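All remarks here apply to the structure that follows.
All figures in this text were calculated on a predicted structure; none of them were measured in a lab. Sequence lines set the chain letters: A, B, ... in the order given, protein chains first and strands last, and positions in each chain run from 1. Computed over heavy atoms, backbone and side chain alike; hydrogens, waters and symmetry mates excluded.
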Amino acid sequence: MTDDPKDDREALERLTAAMVEDLLKASEEELTAEILDEGRNPSQEAEAMASFIERAARRCGKLRLQTARDALKSAGKSKPQASTADMGESRRRLAAILAAGGVSMAARNESELSDNDVLGMLADIEELRARSKTKKPDSDL
Amino acid sequence: MAHDETVTHFSAAEITEAIRGLGAAERLRLRAIARTLTRFSPLDPDDLAQEALFRAMQGTRICPRDLEPVRFLAGVMTGIVSDAAKSRKRHPETRLEALIEGGIEFADGAMNAEEHLVAAEDDRTQIARAQETKRRVLELFEEDLVAQTIAEGLMVGMEGEELRALTGLDGTAFASKRKFVRRHINKAFPKSDKP
């Protein structure tokens, strides 16, 4: 139906999207029958995905741990320290400051901000406040 | 997990919990979707699934509360494949895992996964492969014009009633034939598991 060979990629993308939609709507029985039809073992397939899920969770955990370590290291060098328990409060403080300035943390996707980011931003804001007070004692930054 | 009703998206911790709590049928569905999404490409379905899971759990892709986790993950995987297909740079590796092992930090964003998922293909190679794949798909149904019409209709974006009317089948027969088309394609384009 298409003459432009470049359209063939889009044609396959549309076919794939339709097949994915079918899978999303398929009943458990249909799904199982389809997997068996491909010569695969449904239990092993589900088990493999379970291991991928745990692997991804471990990878995330490692990354968070590394980020927290970096934050601690960084905070120990030049920035105010915050315990793990303080991080929730730090995030709330930063969200309140940003919201007061017309910026929503949600708009920035809060979950993308590491603890290190939060501590760093708070430290920067405090430094700016200190500077501002030195120049203009009545500043309300 | 209790949550603030005014928050419209799952937090990273909540979506992680939801994904880890998926039942066997939903995990099976996810694997089938990953395989389907990579069926016509050199991408590895397991690498794709793992990268999508990681992004979801890390919170770099956020899930609205009214979206089922499996549908959300299907969307994340589709996005990764689509972005990869758009990329035109050459790169020797095709497996996400190999890239990660090679020290590339996708999460930190200097180079993103899509850029590395180029799969050693330039634009011309991709076009030629797509042309050949499309020909092979339609050839599968040479002896079955109704099935061929369904495959071709899906390729041009026809859906539901419009496509059913084109085939002249009733609802039940159409659903059955559409399933036949999908299964036939799955068999003709198998994705082998990693050793």
Side chain from CB out, backbone as N, CA, C, O: work out which of these in [X] comes under 4.5 Å of a heavy atom of chain A, or both, or neither.
X        : result
B/Val137 : side chain
B/Glu159 : side chain
B/Arg35  : side chain
B/Thr78  : neither
B/Ala25  : both

Would you say [X] and [Y] make side-chain contact, with heavy atoms under 4.5 Å?
X       : Y        : value
B/Arg31 : A/Phe52  : yes
A/Glu13 : B/Met155 : no
A/Thr16 : B/Arg39  : no
A/Glu38 : B/Lys191 : no
A/Ile53 : B/Gln50  : no
A/Met49 : B/Leu22  : no
B/Arg27 : A/Glu45  : no

Practice task
Tell me whether B/Leu145 is reachable from B/Met158 by hopping between hydrophobic residues (I, L, V, M, F, W, Y) whose side-chain heavy atoms are closer than 4.5 Å.
Solution key: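 No; B/Leu145 is not reachable from B/Met158 via cluster members.
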Exercise for the section: Give a yes or no on whether B/Val181 and A/Leu36 share a hydrophobic cluster (residues Ile, Leu, Val, Met, Phe, Trp, Tyr; joining criterion: side-chain heavy atoms under 4.5 Å apart). Expected result: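 No, because B/Val181 and A/Leu36 fall into different hydrophobic clusters, even though each may have its own neighbours under 4.5 Å.
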Interatomic distance, [X] atom [atom1] to [Y] atom [atom2] [nearest 0.5 angstrom]:
X       : Y       : atom1 : atom2 : result
A/Glu21 : B/Ile33 : CD    : CD1   : 9.0 Å
A/Leu23 : B/Thr36 : CG    : OG1   : 4.5 Å
A/Asp8  : B/Phe40 : CG    : CZ    : 12.0 Å
A/Arg58 : B/Phe54 : CZ    : CZ    : 13.0 Å
A/Arg9  : B/Ser41 : CZ    : OG    : 13.0 Å

Non-hydrogen atoms of [X] and [Y] that approach each other most closely:
X        : Y       : answer
B/Ala32  : A/Leu31 : CB-CD1, 4.4 Å
A/Ala46  : B/Leu28 : N-CD1, 4.2 Å
A/Leu63  : B/Gln58 : CD2-NE2, 2.8 Å
B/Lys187 : A/Asp37 : CE-O, 3.1 Å

Exercise for the section: Pick whichever of A/Glu47, A/Glu28, A/Glu34 has the most heavy-atom pairs under 4.5 Å with chain B. Expected result: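 Heavy-atom pairs under 4.5 Å are most numerous for A/Glu34.
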Practice task
Considering only heavy atoms and a distance below 4.5 Å, find which of A/Ala17, A/Gly39, A/Ala33 pairs most often with chain B.
Solution key: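 When all of A/Ala17, A/Gly39, A/Ala33 are compared, A/Ala33 has the most.
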Practice task
Report the residue from B/Val156, B/Leu154, B/Ile150 that forms a side-chain contact (heavy atoms from CB on, under 4.5 Å) with A/Leu15.
Solution key: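 So the option named by the test is B/Leu154.
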Handout entry: Heavy atoms of other groups near B/Glu68 CD, more than 12 under 6.0 Å
Key =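 Incorrect, the count does not exceed 12.
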Problem - Neighbour count above 12 (heavy atom, 6.0 Å) for B/Glu143 CD - result: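 No, CD of B/Glu143 has 12 or fewer neighbouring heavy atoms, counting only those of other groups under 6.0 Å.
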Practice task
Take B/Lys134 and A/Glu10, measure what salt bridge (charged side-chain N to carboxylate O under 4.0 Å, His left out) needs, and give me the verdict at the end.
Solution key: CA-CA 10 Å; B/Lys134 185 184 165 193; A/Glu10 288 176 18; over 6 Å; no
Handout entry: Sidechain N-carboxylate O distance under 4.0 Å for B/Arg182, A/Glu30
Key =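 Between A/Glu30 and B/Arg182 there is no salt bridge, as every charged N stays at least 4.0 Å from the carboxylate O atoms.
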Handout entry: salt_bridge(B/Lys179, A/Asp22) N-O dist < 4.0 Å
Key =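 Judged by the 4.0 Å cut-off on N to carboxylate O distance, B/Lys179 and A/Asp22 do not form a salt bridge.
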Handout entry: Check: A/Ala26 main-chain N/O paired with B/Arg29 side-chain donor or acceptor under 3.5 Å
Key =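 Such a contact is found between B/Arg29 side chain and A/Ala26 backbone.
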Handout entry: Most contacts with chain A, counted as non-hydrogen pairs under 4.5 angstrom, among B/Arg71, B/Glu26, B/Met77
Key =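 Result: the option with the highest number of such pairs is B/Arg71.
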